[in-house]
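Structure first, then comments.
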Amino acid sequence: MIHASAQIGNNVTIGENVVIEENVVIGDNVTIGHNTIIKKETQIGNFVQIGELTVLGKPTSSNKKMARKPGETLDPLIIEDYVTIGCNSVIYRHVTLETGVFVGDLTSIREKVTVGEDSIVGRNAIVETNTLIGKRVTIQTGCYITADMVIEDEVFIGPCCSSSNDKYMGMGNFKHQGPVIKRGAKIGNNATLLPAITIGENAIVGAGSVITKDIPANKVVVGNPGKIIK
Ligand SMILES: CC(C)(COP(=O)(O)OP(=O)(O)OC[C@H]1O[C@@H](n2cnc3c(N)ncnc32)[C@H](O)[C@@H]1OP(=O)(O)O)[C@@H](O)C(=O)NCCC(=O)NCCS
């Protein structure tokens, strides 16, 4: 089903059972896999590839227990040129995927997120709301990127890393703030980053570390709790 108000460019390949809702704009040379749903007002650039069974521009929802309510009006999802999105992914409204971004299969990206040019969000990675991801960042398979986080340019985050933004887990006495990872820092497999810490520029966090405090620039940190070894 393609809504009559949708604008579709030249040389666009659309699979079986694709739904394109009202006021969607699609550029030239775009490929859309079978059973993908593009929600209203989503804007897609040129040379974009979208896999099967993906939902783009999903609106938010919540229940009464959740702290964040979807009340406000969110901007549309914007997908710039040369972006590739895998199969079975869900990307919400008010996300911008800048030029050349790669999003793997089974990935979920919540609202109010920007992913900078040429960055990678790996398979089965989850990016929560209100998080800024810089340019040329690598987020590997299975990462959990919490809300309210800042990831600067050229950061590398290894598989299955996890981060948190609420130190006291819903008791309501902590301002939600995710970690800040400064430019060029590298985080090993399965590391856990606690809320509101800063990982300095070009610092290295070893696999499996639990980081409870700020890490200065250019240091190597390993263990639980993380200690500087170099
Ligand atoms: C942190 C890291 C870069 C350190 O490498 P390195 O500088 O060559 O350090 P070494 O291997 O010489 O180890 C130095 C010491 O730290 C310990 N160590 C190294 N990595 C550790 C880790 N992740 N957790 C706990 N201790 C660690 C070593 O056992 C060694 O201890 P010792 O001095 O008692 O023998 C590396 O060990 C690491 O964890 N890399 C992450 C790999 C990864 O997750 N990649 C993701 C993409 S696949």
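The analysis underlying the following values was restricted to heavy atoms, covering all of them including side chains, and did not include hydrogens, waters or symmetry mates. Counting starts at 1 for both ligands and their atoms, following the listed order. Worth saying up front: this structure is predicted, and the values here are computed from it rather than measured.
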Inset, instruction - Apply side-chain hydrogen bond (donor to acceptor under 3.5 Å, both in side chains) to the pair T84 and Q49, showing each step before the final yes or no. - result: CA-CA 5 Å; T84 300; Q49 296 199 46; 4.9 Å; no
Inset, instruction - Please name the pair of heavy atoms, one in K135 and one in S119, separated by the smallest distance, quoted to 0.1 Å. - result: C-OG, 3.4 Å
Legend entry - Is_contact(atom 34 (O) of ligand 1), protein non-hydrogen, under 4.0 Å: no
Legend entry - Of the listed options G158, A207, G208, closest to atom 24 (N) of ligand 1 (non-hydrogen atoms): A207
Inset, instruction - Identify which one of T54, N88, L53 satisfies the side chain to side chain contact (heavy atoms under 4.5 Å, CB included) criterion when paired with N35. - result: L53
Inset, instruction - Answer yes if a protein heavy atom lies under 4.0 Å from atom 16 (O) of ligand 1, otherwise answer no. - result: yes
Legend entry - Side chain, backbone, both or neither: the part of N189 lying under 4.0 Å from ligand 1 by heavy atom: both
Legend entry - Part of N190 within contact of ligand 1 (heavy atoms, under 4.0 Å): neither
Inset, instruction - Could you check if a side-chain atom of L97 sits within less than 4.5 angstrom of a side-chain atom of I78, using non-hydrogen atoms only? - result: no
Inset, instruction - Kindly state if atom 47 (C) of ligand 1 has a protein heavy atom within a strict 4.0 Å cut-off, that is, under 4.0 Å? - result: yes
Legend entry - Within-4.5 Å side-chain heavy-atom neighbours: R93 and K58: no
Legend entry - Selected option - heavy-atom contact closest to atom 3 (C) of ligand 1, from I204, I229, V221: I204
Inset, instruction - Provide the number and element of each atom of ligand 1 under 4.0 Å from a heavy atom of K230. - result: 6 (P), 7 (O), 9 (O), 12 (O)
Inset, instruction - List every atom of ligand 1 that sits less than 4.0 Å from any heavy atom of F156, numbering the atoms from 1 in the order shown and giving each element. - result: 47 (C)
Legend entry - Sub-4.0 Å heavy-atom contact, Q140 with ligand 1: yes
Legend entry - Residue of the set I133, L193, V205, I181 for which side chain to side chain contact (heavy atoms under 4.5 Å, CB included) holds with I157: I181
Inset, instruction - Answer yes if a protein heavy atom lies under 4.0 Å from atom 44 (O) of ligand 1, otherwise answer no. - result: yes
Inset, instruction - Consider only side-chain N and O atoms of N46 and N29, and report whether a donor and an acceptor are under 3.5 Å apart. - result: no
Inset, instruction - Tell me, yes or no, whether the heavy-atom count around Y144 atom OH, taken from other residues, nucleotides or ligands under 6.0 Å, exceeds 12. - result: yes
Inset, instruction - Identify, for atom 1 (C) of ligand 1, the protein heavy atom at the shortest distance, and state residue, atom and that distance. - result: G206 CA, 3.5 Å
Inset, instruction - Might you check, step by step, whether the distance between atom 29 (O) of ligand 1 and some protein heavy atom is under 4.0 Å? - result: no
Legend entry - Per-atom contacts of ligand 1 with V222, taking only distances under 4.0 Å to non-hydrogen atoms: 1 (C), 20 (N), 21 (C), 22 (C), 24 (N), 25 (C), 26 (N), 27 (C)
Legend entry - Within 6.0 angstrom of R136 CZ, more than 12 heavy atoms from elsewhere: yes
Inset, instruction - Write out the residue and atom name of the closest protein heavy atom to atom 4 (C) of ligand 1, then the distance separating them to 0.1 Å. - result: V220 CG1, 4.4 Å
